[in-house]
Amino acid sequence: MSRLDALGLSVKFGNSLILDDVSLSIPRGKLIGLLGPNGAGKTTLIRALAGLQKVEQGQVKLDGEKLSAFDQQDLGRRIAYLAQGAECSWPLKVERIVMLGRTPYLYQNERLREDDYSVTERVMREADVSHLVGRTVNTLSGGELTRVMLARALASEPEFLLADEPVASLDPLHQLEVMGLLANVAHGGGAVVVVLHDLNLAMRFCDRVVLLSEGRVAADGEPGEVFTAEILEQVYGIDVKFGECEGKPWLLPWQRAGQNSE
Amino acid sequence: MLATGNQRLIERDRESDKCERKLLILLSVALFLLFFSSLFVGPVSIDLFSSEWSFLSESTSVTAVIFQEIRLPRAILALFIGATLGVSGAALQGLLRNPLAEPGVIGVSGSASLGAVIAFYSGAAAIFPLALPIGGISGAMLAVIFLYLLAGRESSILTLILAGIAVTSLSGALTALALNLSPNPYAATEIFFWLMGSLADRSFEHVYIAVPLMVFGIASLLGCQRGLDALALGEDTARSLGINLNHLTLRIIVGVALSVGAAVSVAGGIGFVGLVVPHLLRPFVGYQPGKLLLVSALGGALLLLLADIVVRLISTGQELKLGVLTSLIGAPFFLYLVLKTRRQLL
C-alpha cells in the first residue's frame, strides 16, 4: 500500500520559519483535512507534499523513497495537485482543461487515446461539469471554474490528491457536493489531503484532521479529538459552541476567546 | 449513456481537428503561392517559363542570375525568417503567458543586432562577409547564456522578463554607443540601415549559414506543445502534471536564440511579426498555446513573404525597408493589444 510521508519538514522564506519540523503520514483511503489560521503554513505544506516546494530540512517520501528520486512524469500520474485560485492564462474550452489532466500519460506531442476521452468524460460527470462542455473558462462562475479544475486533477487518476482550498469560492450546496466527491475518492482507495477553513466541513467529512499553527502540527487525529474547546482556543483564539444533529457533532465559532470573562 | 457521452467528446475533438487541418492546408497553399509570386516581383520582370528553364539549366543569362542570385535567396529567407519570428512569438507568449511577449522581449533580437553591429564597427564585416552572421549569432548566444545563468535555474517567469529587459537595454545602449563613437559617418549610416531590417540583396551564402540554424531552432520550439498547454494552468500545476519546467524553458530559450539570432544576423531587426501573427491565429486553434506553434510558423512565413512583396511593389527608387514596414503596422497593433489587455485586467 503506497503512502506519502513528510519527515521533519522545515521551510524558510527569508528569515521567517514557515514550516518548523513538520512530520505527517498520509495513508491511502482517507480524507485528510489540513486546517489552521491564516499564515500557519498550510499551502506551503501541501506544496511540499506535491514536490513543488524547496525544503531546507527534512524530506517528503513516496513509498519510502524521496520524491526527487522519481521521474517527474511518473510523479504526475501518482500525485495530483489542485492549486488555490484556479489559474488559466488563455480562454480555453472546459473539456480541453480537463483533458490537460491526462498530460502525465502522454509523451511529447502524442495525441489523446480512447481511454483518455472516457476518463475525461467520467471525471467531468463526477465533478458535475459535463453540461459545461464547449464553454470557455472566462465565461464560467467561480464555483464552476473550481469544479472544472477539480475534474482536471481527477483526470490524472492520482493515488494522492492534494487540494488547496477547493471549496473556498463555492456556494453551500457545491461545498457539500465537492466534499462528498473528495470523500468518495478517498474511500475508493485514493488519499485526499484538502486545505480547508471551514471547521464544520472538516468535522463532517474528514476522516482525520491536521491542525497547523505557526508552522507546527498543533494537533493531528480524528475530528472529534482535534476539535476540542481547548485546542481551538489555543490555535485560533476563539470560543466555540458545540451541538449535535442526527447523532453527529457540529460546532459554531462564537466569539474571540476569553471575551466574556473580562 | 456512458458510451454516448464518450462519443460526443471524441467527436467534438475530431471536428476541431478537422478545422485545424483545414487551416493548416489553407496556410500552406497560400504560402506556396506567395513564395512563387515572390520570385516574380522586382524591378526586372521575369517570364515564368523561360526563367525557370534557364535556372534549371544553370545558364548565366541575366534573368537566370537575377532569379538565382537575388530573388530565390530572398524568398527562401523571407520564408524561414517569417516562420522563425511567428513560432518564436507563439512560444514566448505561451511560456510567459502573456500575449505581449515577442522575441524582442527576452533580449535576443537586441543582442543579436548588437553582435552584428560589432561586426560592422570592428570592420570585420568589410574584410570577410561572414563576420556579420557570426556576430549576430554570437550576440544571441551570449544573451541566451546570460539569461539561463540569471533566470534558468529557478525558472521564474518574472525573472526571465526582467532579465530580458536588462539584456535589451544593455544591447540598445551599446549599439547607441557604437553609433555615437563611429569614426566615419559611412559606418554609422551602414549600422543605421542595418538596424532597420531588410531582405534586399541577400545571397545564398546567407541562406546556407542561417537556414540550418533556423530549422533547428524552429524544430526545437515545435516540440514544446504539451509543456506549453499545461503551463496555461500555472507553473505549479504544470509541474504537478509532470512537465519539467527547467527543460521547457531551456528548450524555448535555445530554440528562440538559434532561430532569431540567425534571422537577425541576415536580415536585421524585423519587429512585431511574432506579436501580430500568433494573436491573429489564436482564436482558430481554440486558444491552445501548443496548437498555436505550427500555425504561427506558417502564418509568420506568409506575412513576411507578403510584406516583402509589398515593399518591392510600393517602392520607387529607394526601397522601403522591410523592418520599417512591419514596425509601421506592428507598433499601432501593439498599442491596441496593450489597451485591450489592460481593459481585461480592469
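The figures here come from the full heavy-atom set of this structure, side chains too, leaving out hydrogens, waters and symmetry mates. Every chain is numbered from 1, with letters handed out A, B, ... down the list of sequences.
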Review point. Would you call B:Leu241 and A:Ser156 a side-chain contact if the rule is heavy atoms closer than 4.5 Å?
Key: yes

Practice item. Name the region of A:Ser130, side chain, backbone, both or neither, that has any atom closer than 4.5 Å to a heavy atom of chain B. Key: backbone

Exercise for review: Give a yes or no answer on whether the side chain of B:Arg226 reaches the backbone of A:Leu106 with a donor-acceptor pair at less than 3.5 Å.
Suggested key: yes

**Study point:** Top contributor to chain A contacts, counting heavy-atom pairs under 4.5 Å, from B:Pro99, B:Gly94, B:Pro283
**Key:** B:Pro99

Point to revise | pair A:Glu87-B:Leu233: side-chain heavy atoms closer than 4.5 Å | key: no

Check your understanding: Does the pair A:Arg96 and B:Asp13 meet the rule for a salt bridge (Lys or Arg N to Asp or Glu O under 4.0 Å), with working shown?
Key -> CA-CA 9 Å; A:Arg96 283 277 155 214; B:Asp13 237 35; 2.4 Å; yes

Review point. What part of A:Thr103 gets closer than 4.5 Å to chain B, counting heavy atoms only: side chain, backbone, both or neither?
Key: both

Review point. Can you find a heavy atom in the side chain of A:Gln72 that is under 4.5 Å from one in the side chain of B:Ile243?
Key: no

Check your understanding: Should B:Asp17 and A:Arg111 count as an ion pair when the cut-off is N to O under 4.0 Å?
Key -> yes

Exercise for review: Could you grab the distance from atom CG of B:Leu9 to atom CD of A:Glu95, nearest 0.5 Å is fine?
Suggested key: 6.0 Å

**Study point:** Cationic tip of B:Arg282 above A:Trp90 ring, under 6.0 Å, 45° of axis
**Key:** yes

Exercise for review: To the nearest 0.5 angstrom, please state how far the CG atom of A:Asp164 sits from the CG atom of B:Asp236.
Suggested key: 9.5 Å

Review point. Which bit of A:Arg152 is near chain B, if near means a heavy-atom gap under 4.5 Å: side chain, backbone, both or neither?
Key: side chain

Point to revise | Nearest-0.5 Å distance that lies between atom OG1 in B:Thr237 and atom CG in A:Leu82 | key: 7.5 Å

Check your understanding: Does a side-chain heavy-atom distance below 4.5 Å link A:Lys93 with B:Gln288?
Key -> no

Study note, to complete from the structure: Bottom line for A:Arg77: the part with an atom under 4.5 Å from chain B's heavy atoms is neither

Review point. Side chain, backbone, both or neither: which part of A:Tyr107 has a non-hydrogen atom closer than 4.5 Å to chain B?
Key: backbone

